[in-house]
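These notes are about the structure you will find just below.
Here the structure is a predicted model, which means the values were calculated and not measured. In what follows, every chain begins at residue 1, and chains take the letters A, B, ... in the order their sequences are listed.
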Amino acid sequence: MRKFVIIFCLALVGAVAGGFSYWYLHSTPSQDVSAVAPPINFHTLDGKTISLQNLHGHWVLINFWASWCAPCMNEIPHLVQAQSDYASLGLKIVGPALDEADAVRPMLTRFHINYPVTADFTGGDQAMRALGNDRGALPFSVLIDPDGFVAERILGGMSAEQLQSLLNRHLGNG
Amino acid sequence: MSLIRLTGAALLVVSTAAAANTHLFDGPASANDLLTAAQAFSMLPVERHGQSLHLSWSIAPGYYLYRQRIKVETLAPSAAGVEAIRLPDGIAHHDDHFGDVEIYRNDLEADVPLSATPSAPLRVRVTYQGCADAGVCYPPQTVVQTIAP
């Protein structure tokens, strides 16, 4: 009986260690950072200018995407849902597309995008790199806290669960 | 406890920990593991091979180029006799958003026939675009090159 207890305890330790390493490694793609977000302006498709500095006081999720990027398209429905679910907690999503306006406009209707979107290849690329994406790959998301500090950077598409986990971690439950 | 039982217990610990890590790579891509587009899709300089231009790419493992997103355009001279690029058959790839497409992995070689022998330097623009299996895509890459007659 004693041997069984020892083996059980070792297995339990193994499971906890495995679970912890799973959680730790799963969370490494998003980098916790504490840098002030650079002052960036986005010019939306409907002619408005969004300044990151003017969004202080809100949680801002900037999602860089493009119509030629399949992982980006997979992620958009989750972002649309998140904008609905977390708006009351102060979330504002901005979607700069590294793309042509003519390619982006049909996506607004197709995905019922409920947050401002821009279409500027050069400007989007510069903003993305200024926010820390030195690989230049998409999708790339940056969560900025109400004080203007970068809370997390995420390179690659997030599932609905991963996005929800990110937002719950910082904003609370939507 | 005998050595055999201790070993068995240790193996159980390791296997349990390993089982918990089965889905380690399901999440978004890690920036540290990703190549830049130039590293992932290394394009060699365009070469003149008789009556054609020869293009070649070395594509890193885990990365791919879309067949339909490879383009060659003539910038100068305007009537250079550059025909459409001849690409080999690619690997069938289904994408939820783009449907059935073809992709290339590893090495890619293609030719662009010339209908006339150029008498002046030929300036061409090559565009290509690809993604990584890790779940990210790279913006279209553009290379402009001048080829001597």
Side-chain angles (χ1 to χ4, degrees), chain A residues 2-3 6-31 64-76 98-99 107 110 121 124-125 128 132-141 153-159 161-163 166, chain B residues 1-2 4-41 63-64 66 68-69 93-99 101 103 127-142:
Chain A
R2 188 167 166 268
K3 288 171 190 168
I6 290 171
I7 290 171
F8 176 79
C9 288
L10 284 169
L12 192 63
V13 168
V16 170
F20 177 77
S21 59
Y22 171 78
W23 168 81
Y24 176 78
L25 288 169
H26 231 69
S27 65
T28 47
S30 61
Q31 306 164 11
F64 293 90
W65 67 289
S67 66
W68 41 259
C69 165
C72 302
M73 312 279 262
N74 291 336
E75 196 180 35
I76 288 178
L98 278 67
D99 214 331
M107 302 300 151
R110 177 179 168 191
F121 199 101
D125 187 61
M128 189 169 74
N133 181 0
D134 63 352
R135 296 298 191 275
L138 296 178
F140 176 62
S141 299
R153 300 184 181 110
I154 304 100
L155 183 56
M158 287 180 279
S159 66
E161 292 75 21
Q162 287 169 325
L163 179 57
L166 170 78
Chain B
M1 185 181 288
S2 71
I4 292 173
R5 283 179 177 160
L6 266 175
T7 306
L11 282 173
L12 183 61
V13 170
V14 171
S15 62
T16 310
N21 279 314
T22 304
H23 302 291
L24 272 183
F25 301 104
D26 284 355
S30 170
N32 293 333
D33 299 333
L34 284 174
L35 303 176
T36 62
Q39 294 166 330
F41 315 112
Y63 296 79
Y64 56 89
Y66 283 104
Q68 76 270 30
R69 294 190 189 149
H93 179 82
H94 182 78
D95 184 278
D96 288 343
H97 296 285
F98 307 131
V101 295
I103 60 168
T127 308
Y128 50 96
Q129 195 261 316
C131 299
D133 292 330
V136 295
C137 292
Y138 295 85
Q141 304 296 300
T142 301

Relative to chain B, which segment of A:Leu138 carries a heavy atom at a distance below 4.5 Å: side chain, backbone, both, or neither?
both
Quick one: list whatever passes ring pair (Phe, Tyr, Trp, His ring centres under 6.0 Å) with B:Tyr138, sequence neighbours left out.
B:Phe41
Looking only at heavy atoms, the pair that brings A:Phe121 and B:Pro139 closest together is CZ-CB, 3.3 Å
Contacts of B:Asp133 meeting salt bridge (Lys or Arg N to Asp or Glu O under 4.0 Å) (sequence neighbours excluded), chain-then-number -> B:Arg105
For A:Asn74 and B:His97, which heavy atoms make the closest approach, and how far apart are they?
OD1-NE2, 2.7 Å
If you tally heavy-atom pairs under 4.5 Å between each of A:Ala66, A:Cys72, A:Gly136, A:Cys69 and chain B, the highest tally belongs to A:Cys69
To the nearest 0.5 Å, tell me how far A:Trp68 CH2 sits from B:Gln129 CD.
5.5 Å
Residue A:Asn133 versus chain B: region with a heavy atom under 4.5 Å:
neither
Give the minimum heavy-atom separation between A:Leu155 and B:Leu34, together with the two atoms involved.
CD2-CD1, 3.3 Å
Closest contact, heavy atoms only, A:Pro71 versus B:Cys137
CD-SG, 3.5 Å
